[in-house]
Amino acid sequence: MSAPTSCTWTSGTGPESFRGVGGSGRGGSRGPLTWAGSARQAMLSSRDHDDDVSLAEACRKLNEVIGLKGMSRYFKQIVKSARANGTAGPTEDHTDDFLGCLNIPVREVPVAGADRWFKLEPRSSASRVQGDCHLVLRLITTQRDTIMSQRGRFGFLSYLLLLSRVLRFEHRVEEPNSSSWHGELSGPGTTILCLHGAQSNLSPLQLAVLHWQVSSRHHQTRTLDYGYLLGLLEDMQAHWEEAPLLPQEQEESLADSFSAFSEFGLRLLRQLRDYFPATNSTAVYRLELLLKCLDKLQLFQPSFEICPFETELNMDIAAALKRGNREWYDRLLSAKSPRELVRIQAALVVPGPQRLAGLVELADVIYEDLQACYGIYASLFHGILKVDFFTLTFRQLERLVAEEAWVLTEELSPKMTLQVASGLFELYLTLADIQHFWSYIPGRDSRSLALAGIHTPFLPAVKLWLQVLRDQSKWRLQGAVDVDTLEPVDASSRHSSSAATASLCFSHIQELWVRLAWPDPAQAQGLGTQLSQDLCEAALFYTELLRKKVDAQPGAAGEAVSEPMVADIRKYVQHISLSPDSIQNDEAVAPLMKYLDEKLALLNASLVKENLSRVLEALWELLLQAILQALGANSDVSADFYGRFHFTLEALVSFFHAEGQGLPLESLRDGSYKRLEEELRLHKCSTRECIEQFYLDKLKQPGPQRLAGLVELADVIYEDLQACYGIYASLFHGILKVDFFTLTFRQLERLVAEEAWVLTEELSPKMTLQVASGLFELYLTLADIQHFWSYIPGRDSRSLALAGIHTPFLPAVKLWLQVLRDQSKWRLQGAVDVDTLEPVDASSRHSSSAATASLCFSHIQELWVRLAWPDPAQAQGLGTQLSQDLCEAALFYTELLRKKVDAQPGAAGEAVSEPLCVVLNNVELVRRASGQALRGLAWPEGALGLEGVLPRPLLSCIQALEEDLHREAHTVTAHLTSKMVADIRKYVQHISLSPDSIQNDEAVAPLMKYLDEKLALLNASLVKENLSRVLEALWELLLQAILQALGANSDVSADFYGRFHFTLEALVSFFHAEGQGLPLESLRDGSYKRLEEELRLHKCSTRECIEQFYLDKLKQRSLEQNRFGRLSVRCHYEAAEQRLAVEVLHAADLLPLDANGLSDPFVIVELGPPHLFPLVRSQRTQVKARTLHPVFDELFHFSVPAEACRHRGACVLFTVMDHDWLSTNDFAGEAALSLGSVNGIARPQVGAGSRAGQPITLHLRRPRAQVRSALRMLEGRTNKEAQEFVKKLKELEKCMEADP
């Protein structure tokens, strides 16, 4: 290339400044300065420009001179102007002042150029230079490569290929195995690229785009640092904002690079956990930079005419994450809990217990992954891309693991073992932890979780595991106690190692319960109760182990702290009692006090505060008992003896109180202390004072002790009044006319009433079970005493002293009724336990427990009659409670019987179980006995009550018990007859398989013989009522067995159905037994009618069955009136035209089948059966929009002969439909009208006025709820006519909705 060797360029001038701004200076316009071709050095000099002014103007500036420096410049300006003769003219080259110069070798200029400040240099050693110059230097080649231009290739494509080669080479040489390379190129590589870019005249935006394209593509094969890629995107974004113009081809190429990079990023995000593990902070940072790169890509999307993304990138990222979650889960599932293993072209099913262990591991991994998602990934995705990564991951993984858990729990439920239960419990805990993440989802909606309700199948496993936990806790405690040395763990502790283990064990149980967090309250109550009981049992078990261990250890000789101290205490107390009166009291007590002081000092150092208090209380009681024994062992001693012990007692009180640091005075002066103090006080009293104290104690006797005596007193008074009335009264009245009974009754009744009132008032606040029983017994006796009032002739209106005495007894009676209920249950439980389920004797058919139950109920009824509670309102409450308790006891007894008989092994081949018969008889006896007892519990209902009518609550209770016991009897009956099901089916099958050649009676004979034998046994074992129940159950079993046999056989001869018809009649005769068995009305009802209908229809042809179907429709006309609405029609037959006229008038009260609460009804009119009217098509009315009361008024004609209309099943069928535009029409109801009743067919028309006839109102119904035998019969037939008819009905049923 040829170029001039030198060039001179002058910049602009910056006026009057120490910071000159030229064309390339800071803040000025940046005009180019160019050296061409072979120039080897760039030389720049900086000068101070001086303007040319006139002499006069220079003199005028004298006033602007400031300082000496300004003066020199002023005179310089004067000289310059004088040389120019005082006129302004062109300046000379040497007139400007030199400020500095720069000498820059061209070879030292970097290829990429330079943009920096250069320090000015002096021209010679005498020059004074200071300051810097800001230059921007670039090397530019302006002549293009003609060969490349001739190839017709775009410059950016060549640069792209060149950059790609350089980048691959530099990365391979510099850091072949590193993912942190920032794209730094060597000097030669940078030179080549800069020269090529300049030669190709590429803009900064194009260069930024090319560097991004090459680096992003290279990154997909050799990983680069994401920070470098992000920097490229930011650089490209900055240039794009300045000049967002690219050639179309390069813009398309850039869009392709964006798509390729986003797809690559999505592939990485699909394997997020592999490429960016949460445990690796470096990988997480790389993920953050990748997400920022993807976010930058979204910023360019609106700038492209050709959009590189088919959908929003956020949606693609969410889809990739979901797909990655599923692939990650599938890999985990196949690795940890596969359902099948593929081995040599065969799939082996993995057993449930083996999969369970893997599923536990899988759930743990998912929980840890969700923790990482919530703690690390979620904030990155949401903060950068606004993608809710945690929510989509949680929903997806929670649903997947829930599906696997539901399947596995269902499979393992029948295989519950200890190992399975442990695994399921561990699995449930992890699933519960996973569920807790649900609360972290912001703005969560009401959609239920897939894990909702997952606790239900885990309940058996949790219950079993709680038992395991109980046993493990005990083993753990046993092991801890075995290795325990019963020494403190350290100097700061006073407990041994086993106590720490026990505390940790109980804490672990509590933490497990908190983590379990069982959601069902009722089930949680049961589990919590069981767990708390087990924890209490474990605590007591631990204390028992400790006691056994310490008992087994030999104690040190004389070591009183670890052995009972009774012997030592007694020894010192005996020392006090044997001390002579000559020594002082404090000297006698000193040895005991010293002993206690030493031992309690040891105890204080060894025990915690609570245990020290317990030991002090025990020692205090030992001391009191020892002193009492010493007093009892010494008699005829001096008063000083008792005074010494009184001194000892007070000294001990002071010692154990320890000025408030020991036991409180209230506990010290209570209990045995009071007795001891009383003993010491009485020993100081005289004989008369002791006698007076005896009577004072009598008066202070507690109420419960007096209650027993008052009961005995009342019994004696009752017996005495009986004797007075039966013996003494007649003597005194007959001889002396003295009413001995009246005066005796009034006196004794008043006296005993006074005592009863006082005692009940005293005992009311102290109501206990023992007190309630005594008060109840007392009240019964007082009530018996009150009954004598009715024997007094001419009794006046003066009230009894016992009147109203029932009021204070009410709480005791209520409590005693609870006792009676529990006693009754215990009595019944004991009776059933010893019952052998055999008849009591030959004349009875019930066992011993039934007699006990009947006696128990009779006793309850007798107690109620004797109670005779006078207050009607209170009597209703007591009677209601007692009747409910009696019903509960009766049901409790039947439940005990059922459990007992279920636990007994049955004899092989025994179709009639004698224990079951006895149980059935027991239930019947209890039913009668309980009903009789309940009727005896009637209470007075006041003035409004009717005599002889049971109170309503009692009547309801009786009816409920009757229903429950009848149900229980039917359950036992079903259990009894279930043993005969197999035999009955066998004999019925024998009948169905018998050839037509044998007679019907021969085919039925085995069944009849079997029934005769079994019913003979039942007749001998059951009472009449139960025999009827069993006969009814057997009759139903036989009918069902025959129906099953008919359903299992198709395409058989008519003789087959005739034989079963013969069997049916034979069985009716057998079970009726000439009036001794079941009544004919019950035999020929229910399933019998269905079976008879089946047999009759099996003999009919297809058309006869179709006719029967329509006859059934006509019979339904009166059912379900007004439920589905009404339809008014009018029909008549026109004999002259031989056509049937059907007029649809209106409908009312139709069902609302649309969302707006209305319907769009229309009516389909058709004639049936189809074979009677083969050429007649159905017709329909217009649709009436948005109404439930449509008016149609439409007339339809059907050309049919009158003979066809008179046929037995001929009818016109009206079907009301709701019209829907976007879906199938809805069925609203139908009605049928027999053509035989239509005017003109049933009777000839008379005159034109009666031609139309009167309107007929038909009630719509839904036949879907009615299952008809004719339709079932047609469904089982294979001929074309039957199948087409059934198909048409099925299509209609698709339009029908469920009955509202």
For [X], I'd like to know if atom [atom1] has over 12 heavy atoms of other residues, nucleotides or ligands within 6.0 Å.
X: R1186; atom1: CZ; answer: no
X: E1065; atom1: CD; answer: yes
X: E410; atom1: CD; answer: no
X: R323; atom1: CZ; answer: no

[X] side chain vs [Y] backbone, donor-acceptor pair below 3.5 Å:
X: Y1133; Y: A1202; result: yes
X: T1257; Y: S1128; result: no
X: N1156; Y: L1158; result: yes
X: E1143; Y: F1196; result: no
X: T391; Y: D388; result: no
X: T393; Y: F390; result: no
X: Q989; Y: I984; result: no
X: E1230; Y: F1214; result: no
X: T1187; Y: H1189; result: yes
X: T1181; Y: V1163; result: yes

Considering all heavy atoms of both residues, which atom of [X] and which atom of [Y] are nearest to each other, and what is their separation?
X: I454; Y: F458; value: O-CD1, 2.9 Å
X: L1083; Y: Y1088; value: O-CB, 3.2 Å
X: S1159; Y: D1154; value: CA-OD2, 3.6 Å
X: F1198; Y: L1167; value: CB-CD1, 3.8 Å
X: W406; Y: A452; value: CZ2-O, 3.8 Å

Indicate yes or no: at least one non-hydrogen side-chain atom of [X] is less than 4.5 angstrom from one of [Y].
X: D1218; Y: N1225; answer: no
X: L359; Y: L362; answer: yes
X: H455; Y: D520; answer: yes
X: F1192; Y: V1129; answer: no
X: R355; Y: L408; answer: yes
X: L269; Y: L321; answer: yes
X: E1032; Y: L1078; answer: yes
X: F394; Y: I434; answer: yes

Query - Geometric class of the H1219/F1162 ring pair [parallel <30°, tilted 30-60°, perpendicular >60°] - result: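 Geometry flag for H1219 against F1162: perpendicular rings.
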Query raised in the report: L1038 pairs by side chain to side chain contact (heavy atoms under 4.5 Å, CB included) with which of T1063, L1064, L1067, L1043?
Result: L1067
Query raised in the report: What's the verdict on side-chain hydrogen bond (donor to acceptor under 3.5 Å, both in side chains) for Q1040 and S1087, showing C-alpha distance, side-chain angles and the deciding distance?
Result: CA-CA 8 Å; Q1040 294 299 326; S1087 299; 3.3 Å; yes
Report task. Determine whether the aromatic ring centres of Y428 and W518 lie less than 6.0 Å apart. Result ->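 Centroid separation for Y428 and W518: below 6.0 Å.
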Query raised in the report: Do R1130 and L1145 pass the side-chain contact (heavy atoms from CB on, under 4.5 Å) test, and can you show the C-alpha distance, the side-chain angles, and the key distance before you say yes or no?
Result: CA-CA 7 Å; R1130 190 158 42 203; L1145 301 176; 3.8 Å; yes
